[in-house]
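A quick write-up on the structure given underneath.
Residue numbers begin at 1 in each chain, while the letters A, B, ... track the order of the sequences.
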Amino acid sequence: MSFLEFLHITKTYPGVKALSDVSFGVAKGAVHGLMGENGAGKSTLIKILSGDQHADSGEISIDGKVQVYASTRNAFDNGVIVIHQELQLVPELTVAENLSLGRFPASAGIIAGRRMLDDVGAKLKSAGIDIDISRKVKTLSIGERQMVEIAKAIMLDARVIALDEPTSSLSSRESEILFALIDRLRAEGKVIIYVSHRLDEVFRLCDSLTVLRDGKLAAHHTTLEGVTRDQVVAEMVGREISDIWGFRPRKSGDVRLKVEAVSGAKLKTPASFEARAGEIVGFFGLIGAGRSELTRLVFGADPRSGGTISVDGKVVHAADPQGAIRAGIVLCSEDRKHDGIIQGRSIEENINISSRRHHARFGVLNRASEIATAETFIKKLKVRTPSRKQDIINLSGGNQQKVILGRWLSEQGVRVLIVDEPTRGIDVGAKSEIYELLYQLAEDGMAIVVVSSELPEVMGICDRILVMCGGRIGAELTRDQFAEKAILAAALPDTKTPDAIAS
Amino acid sequence: MTDRLKKILLGEQGLVVIFIVAFALVSALVPNFLTDRNMLGLLQSVVTVGIVACTMMFCLAARDFDLSVGSIVAFAGMVAVMASNYTGSILLGLLAAIACGAFVGFINGVVIAKFRINALITTLATMQIVRGFALIASDGRAVGINSPDFYQLALSKLLGIPTPIWVLAVLFGIFGFVLNRTVFGKNTLAIGGNPEASRLAGVNVDWTRIWIFALQGVVCGIAGILLASRITSGQPNAAVGLELSVISACVLGGVSLAGGRATMSGVIVGVLIMGIAENAMNLLNIPAFYQYIVRGVILLLAVLLDNLRSSALGRR
């Protein structure tokens, strides 16, 4: 009998069977991977575990006891803690205060500050977490905040800790610290559920693995010995994907995008680069290297203080998104939730928001062509949705990304497509589809700029890589020069060695 | 049985269903409610709130807020009366009133969109400034209308229905169309859903917001003219507290204060529910003091219902 047991869990949302009859168990002191494509049911399962949602049928048992939760708080009290992608911390409070929230040591309502610091300090020390607990959370990096979230679980003596895509916004170094912490928690006999898209991490960390596909249990491995990556990928997508990049060489044409000495408030050093028709240019660098800042300047998302941008030899004078779109430059931002999707509005409206001006007359919409546009791109980009009227917030990350791509592809005369972290938080199957789309667009003569912090990705799909470091473009490599070591060396500030970050 | 009831009430048209049930109940229970005269009186009483609600809906849908509407209505009414008295031309008076309304709205919009001052604060300020102008212009007194033709705006009838009600109906139609069928309407909803994403999708967010406030000013001008005509004078203290009634009606009609969600049919129902409640209470001789409580309770219930509906739709 396993320590944590999922028994015949079934959950239906209107129109979708999110989980059907999922059963598996996890032993004590094990890190258990939970994988699957977007929409496979991972998040739903985690939500049921956390008491946020209720299963239609089936049950969860811990240590032989069936769990019934009325709320997440209830799950909390039973030692089940879920750490979501969006962290749940109060930025204005200190680490110690965040960790004591709801259980402040106090007498007559007055917080015993000294005691709080001592308690929290002692707990964290014994867990081996090294963070200054008197700092405000808003001053911490994302990686440190993640630590605080895990510290919260430790403070509560959690028996089961579920981590949902914990490394999606961490640097490699921060990830390593997280992995060390997870190893320690395993040694203490906790049950860890580790939800991730990243095969590397799952194979590095997990003892056992469950793969979900379309709400059903696709595979359960009690050990990862002898299990290959290709096998897991096949289990996730239900078919073999031999090469997820599927790179196809192309001929590039004339210079499409020419960026000369562009600078702005967040990018002091003027930067210049070119992208040719049919070329996929990659920007690689660490977080904060200035890649996103540069592309935002090119798109006019942030005002630029100098430099010129031209498309097909014509200078783009406007420095706002509207002007860029009219000149044929479009951008898919890295932060889909904040800068991409329009929450609360349908897929149809999210696709048409920009291109509708081409077929509206005197400001009045052309409904027929809007519906046709939406249907065309839903089909072409294989957006998985019951209807074009679906609120975009209900789609998985990969499908949201496809809708945003649809928004730009429905525009007329797009010549330069900039995609910032095109596959962040997106599963393997959807990734291949997006890469394939980029190749097709390049073949049709678009210049494509890809910004990514995943080295294998830029190496896998780009014709040329520009490496940024500390706000400037430090190196340029063509496909025949691609080498992991060289690219990392160019991305790292001088003081660090590439081995420290290569993982 | 209860499941089906729940489904109807929490569905897309739940509010309309509740409205019909409430209307039927009031008709059956309150004497003299369902008469031609009372119906017209009821509609007359919601003209001001209804007209202003048209554009307040856009404001709220774009995540903005406008507290200055009551003051603009009073000010525009004053301008209409004083300008037509002065020039002897009613048409000039009306144009002046609408222009003044548009100007105040435009200023609101520019301050909010271009100088990035919070809408609540900006319109709280203009609400007081404009009320001050209205009081200064007339030295705090009501200004009587010279030309009897001005009264005719409110008194005249077309097919037995007073002109202001026609104006209201036409504006409902126009703004319903603008919200659902024009780029402007869709951009408004998109801005409310996610302003930054809308900007990056090429929507001219600043100018859309400025236009919304300017339109709000125009519409307040129209409401001010009709109100002045009905009360046969320009009153600097008219329409005090109008902003709260209008926002209540919009929220009652399912407009989300978080932006991105609004329907014209919802707002119409919201306006009518408020009107019916007041009308029925008057017919039943319920003292005004109690009416405040009832109005507040209705608003709270509507918001609670909306909340239930949102979670039933599975929006997270």
Using modelled atom types only, decide if a donor and an acceptor are shared between the side chain of A/D339 and the backbone of B/R199 within a distance under 3.5 Å. no
Answer yes or no: does atom CZ of B/F184 have more than 12 heavy-atom neighbours from other residues, nucleotides or ligands under 6.0 Å? yes
N/O donor-acceptor pair under 3.5 Å between A/R367 side chain and B/R181 backbone: no
Looking at chain A, which one of B/L200, B/N180, B/V203 has the largest number of heavy-atom pairs inside 4.5 Å, strictly under? B/L200
Return the minimal non-hydrogen interatomic distance between B/S198 and A/I342, and the atom names on each side. OG-CD1, 3.3 Å
Tell me, do A/F362 and B/T182 make a side-chain contact under 4.5 Å, heavy atoms counted? no
Structural part of A/A360 lying under 4.5 Å from a heavy atom of chain B: side chain
Could you check whether any side-chain heavy atom of A/L365 comes within less than 4.5 Å of a side-chain heavy atom of B/K186, counting everything from C-beta outward? yes
Separation between NZ of A/K337 and CG of B/N194, rounded to the nearest 0.5 Å: 10.0 Å
Most heavy-atom pairs under 4.5 Å with chain B, out of A/R336, A/R326, A/R356, belong to A/R356
Below 4.5 Å, heavy atoms only, C-beta onward: do B/L189 and A/R345 meet side chain to side chain? yes
Heavy-atom contact with chain B under 4.5 Å, split by part of A/L331: neither
Where A/S354 and B/A201 come nearest, the two heavy atoms and their spacing: CB-O, 3.3 Å
Where A/I325 and B/G202 come nearest, the two heavy atoms and their spacing: CD1-CA, 3.4 Å
At a heavy-atom separation under 4.5 Å, does A/F299 approach chain B through its side chain, its backbone, both, or neither? side chain
